[in-house]
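These notes are about the structure you will find just below.
Just so you know, ligand 1 is whichever comes first in the structure, and atom 1 is the first atom listed for that ligand.
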Amino acid sequence: MANENTLQNIISHCKEYGFIFQSSEIYDGLSAVYDYGQYGAELKKNIKDYWWKSMTQMHENIVGIDAAIFMHPTVWKASGHVDNFSDPMIDNKDSKKRYRVDHLIEAYAETLEVAAASELLQTMESLLAQDDFDGLKSLIVRNNIKCSISGTCNWTDVRQFNLMFSTEFGAVAGDDATDNTIYLRPETAQGIFVNFLNVQKTGRMKIPFGIAQVGKAFRNEIVARQFIFRMREFEQMEMQFFIKPGTQKEWYEYWKTTRMNWHRSLGIPEERYRFHDHVKLAHYADAACDIEYDFPIGFKEVEGIHSRTDFDLRNHQEYSGKKLQYFDNDLNPETGKPIGNYIPYVVETSIGLDRTVMMVLSEAYREEDLSTAEKKDSRVVLKFPPFLAPVKLAVLPLVKKDGLPEIARELMESCKPHVKCFYEEKDTIGKRYRRMDAIGTPFCVTIDHQTKEDQTVTIRYRDTMLQERIPLAAVKEKVLNSVYVF
Ligand code: GAP
């Protein structure tokens with residue numbers, strides 16, 4: 001169930017506890033651009049590392065690369081982004097505010113009863129599929145959909161706007177500037193396509209094989225809102241899987257299942273996800289779907305799985321004049337001879353890293369009422385799976401004296417090469433526990449006077465808040481066991 005308040009609480013929590021800040025905040029911020037603070041950066045890195053390992057280490061036929069953000073301008077002509085990477089937009093003549101047509105209609109649909117909303121969205125999808133811009137405008141006008149700023153229904157016609165950022169490359173002089181125009185990549189995938197043969201040849205890769213990459217992408221989103229869900233600068237984790245033409249249906253199904261299993265391995269239950277098949281396919285795809293997660297703002301896309309045919313490689317071959325083909329040594333069962341040269345087909349999995357951070361945060365965020373008959377109490381806790389938590393272990397000497405900090409420091413030294421640990425002496429133990437709950441630390445270990453006598457410590461579990469006494473020597477193994485996932 002969509003809940004804007006929960007989102008607002010998550011945003012405030014992320015700011016208060018050093019996860020995510022508005023970019024350039026001291027200058028009043030930059031719209032739809034965000035910075036990750038000390039705990040956000042750790043969380044994001046843990047997600048990225050988990051994805052990378054799942055792809056490149058757990059699949060023997062997938063390798064990872066790291067291509068540049070800047071690419072030759074012709075790449076974006078060949079890929080179709082110069083001509084097609086645009087969204088239908090509409091401007092309100094009174095407020096001058098520009099909206100993505102689908103977002104405007106979707107926001108209005110959220111205010112309707114379920115049946116009316118679904119009818120409206122179906123009509124919208126079918127008009128979008130036909131690029132029927134007049135039809136979309138009349139749909140907006142007929143439903144009396146208003147601009148949230150001016151409150152009027154005074155709309156321009158629907159037009160397409162390209163979402164790529166451009167900049168100049170090298171020295172720029174006057175009229176020659178257009179020759180130097182290059183784009184900030186709107187997807188990481190093209191860095192993989194243009195390196196397809198480099199990787200295949202140097203890695204002696206045999207089809208089917210994949211190339212994975214994590215990196216920044218940039219889109220001049222017109223309606224950029226909802227926190228890190230839709231940003232102008234964001235990170236993607238993409239994998240292109242190169243296959244024999246004709247096998248795309250089975251690989252598409254394989255990757256749908258594999259990726260959904262990965263999502264569930266984040267500790268998120270099945271019912272929080274659903275597949276959404278695309279009605280209007282992107283310019284490169286013959287089949288496509290999204291994995292949607294039930295965010296506090298409702299079910300929204302977190303990952304796309306696209307059967308991209310040979311669209312990209314074929315176009316790069318044509319525009320570059322360089323052959324981008326694979327020689328298949330496997331024998332054709334009919335002729336008994338090698339299958340020979342072909343341009344591979346591609347099934348792509350493309351997941352937004354920032355959106356995954358938002359998903360993991362949304363799933364972990366809990367406001368718990370701990371009141372008893374005697375006293376009111378509550379806590380905010382982030383119940384991350386331990387392997388994703390920014391800090392795994394807090395080491396807390398009960399007091400700053402009597403040799404307890406020294407024992408605590410020894411424990412820190414033995415654990416910190418393996419997992420991110422946090423050491424703190426200040427404040428009461430109760431306050432220190434709550435601060436660790438707020439950043440999602442699964443284990444807190446308290447060193448007290450009994451530790452000196454019997455070499456045991458109190459371990460306190462974030463989710464249950466239960467405490468138990470265990471040998472000091474058992475702490476490291478216990479924490480490490482909880483963060484190994486493969
Ligand atoms: N190469 C295919 C591709 O880029 P996409 O569906 O446009 O496909 C893939 O993007 C994923 O990238 C999305 O599922 C989403 O998670 C993420 N993404 C796209 N635009 C984004 C934005 N403006 N802010 C944050 N994440 C975004």
Next item on the list: Taking only Lys NZ, Arg NE, NH1 and NH2, and the carboxylate oxygens of Asp or Glu, determine whether E25 and K15 approach each other closer than 4.0 Å.
Entry: yes
Next item on the list: Using a strict cut-off of 4.0 Å, indicate which atoms of ligand 1 neighbour a heavy atom of E303.
Entry: 14 (O)
Check: Between Y34, Y36, F19, which is the residue that forms a side chain to side chain contact (heavy atoms under 4.5 Å, CB included) with V357?
Finding: Y36
Notebook entry, point to check: To which protein heavy atom is atom 19 (C) of ligand 1 closest, and what is the distance rounded to 0.1 Å?
Noted result: R219 NH1, 3.4 Å
Notebook entry, point to check: Are any of the N/O atoms in V302 less than 3.5 Å from those in ligand 1?
Noted result: yes
Item checked: Protein residue, atom and distance nearest to atom 8 (O) of ligand 1, heavy-atom basis -> H306 CE1, 3.5 Å
Check: Counting from 1, what ligand 1 atoms have a heavy atom of F229 closer than 4.0 Å?
Finding: 24 (N), 25 (C), 26 (N)
Item checked: Top protein contact for atom 10 (O) of ligand 1, by heavy-atom distance -> Q236 NE2, 3.4 Å
Next item on the list: Ignoring angles and geometry beyond distance, decide whether R230 reaches within less than 3.5 Å of ligand 1 through its nitrogen or oxygen atoms.
Entry: no
Check: Any idea which protein heavy atom is nearest atom 1 (N) of ligand 1, and the distance to it?
Finding: E238 OE2, 2.4 Å
Margin query: With a 4.0 Å cut-off on N to O distance, would you call E318 and K77 a salt bridge?
Written below: no
Note to self: Checking a contact table here: which protein heavy atom is nearest atom 2 (C) of ligand 1, and how many Å away?
What the structure shows: E348 OE1, 3.1 Å
Item checked: Within reach of ligand 1, part of Q190 (heavy-atom separation under 4.0 Å) -> neither
Next item on the list: Tell me which protein heavy atom sits closest to atom 9 (C) of ligand 1, plus the residue, atom name and distance to 0.1 Å.
Entry: S350 OG, 2.9 Å
Item checked: Salt-bridge contact D354-K44 (side-chain N to carboxylate O under 4.0 Å) -> yes
Next item on the list: Considering only NZ, NE, NH1 and NH2 on the basic side and carboxylate oxygens on the acidic side, decide whether K216 and E238 come within less than 4.0 Å.
Entry: no
Notebook entry, point to check: At a 4.0 Å threshold, what atoms of ligand 1 neighbour a non-hydrogen atom of R308?
Noted result: 1 (N), 2 (C)
Check: Can you list the residues that meet the salt bridge (Lys or Arg N to Asp or Glu O under 4.0 Å) rule with K48, with sequence neighbours excluded?
Finding: E235
Item checked: Heteroatom distance test (M231, ligand 1): nitrogen or oxygen, under 3.5 angstrom -> yes
Note to self: Looking only at protein heavy atoms, which one is nearest to atom 13 (C) of ligand 1, and what is the separation?
What the structure shows: E301 OE2, 3.2 Å
Next item on the list: Enumerate the atoms of ligand 1 whose separation from the nearest heavy atom of E187 is less than 4.0 angstrom.
Entry: 1 (N), 2 (C), 3 (C), 4 (O)
Margin query: Quick check with a 6.0 Å cut-off and a 45 degree axis cone: is R264 positioned over the face of Y273's six-membered ring?
Written below: no
Checklist line | Ion pair check, E221 and R100, cut-off under 4.0 Å | finding: yes
Note to self: What I want to check is whether the side chains of N92 and T152 have a donor and an acceptor closer together than 3.5 Å.
What the structure shows: yes
Notebook entry, point to check: Can Q240 be said to touch ligand 1, with heavy atoms closer than 4.0 Å?
Noted result: no
Item checked: atom 18 (N) of ligand 1 - nearest protein heavy atom and its distance -> F234 CE1, 3.5 Å
Item checked: Ligand-residue contact atoms, ligand 1 with E221, heavy atoms, under 4.0 Å -> 20 (N), 22 (C), 23 (N)
Check: Taking the six-membered ring of F299, is NZ or CZ of R274 closer than 6.0 Å to its centre and within 45° of its axis?
Finding: yes
Next item on the list: May I ask you to check whether F242 and F196 place their ring centres under 6.0 Å from each other?
Entry: yes
Note to self: Taking the six-membered ring of Y50 as reference, does the cationic atom of K53 (NZ for Lys, CZ for Arg) lie under 6.0 Å from its centre and within 45° of its axis?
What the structure shows: no
Notebook entry, point to check: Hey, looking at atom 17 (C) of ligand 1, which of G304, P186, G352 has the closest heavy atom?
Noted result: G352
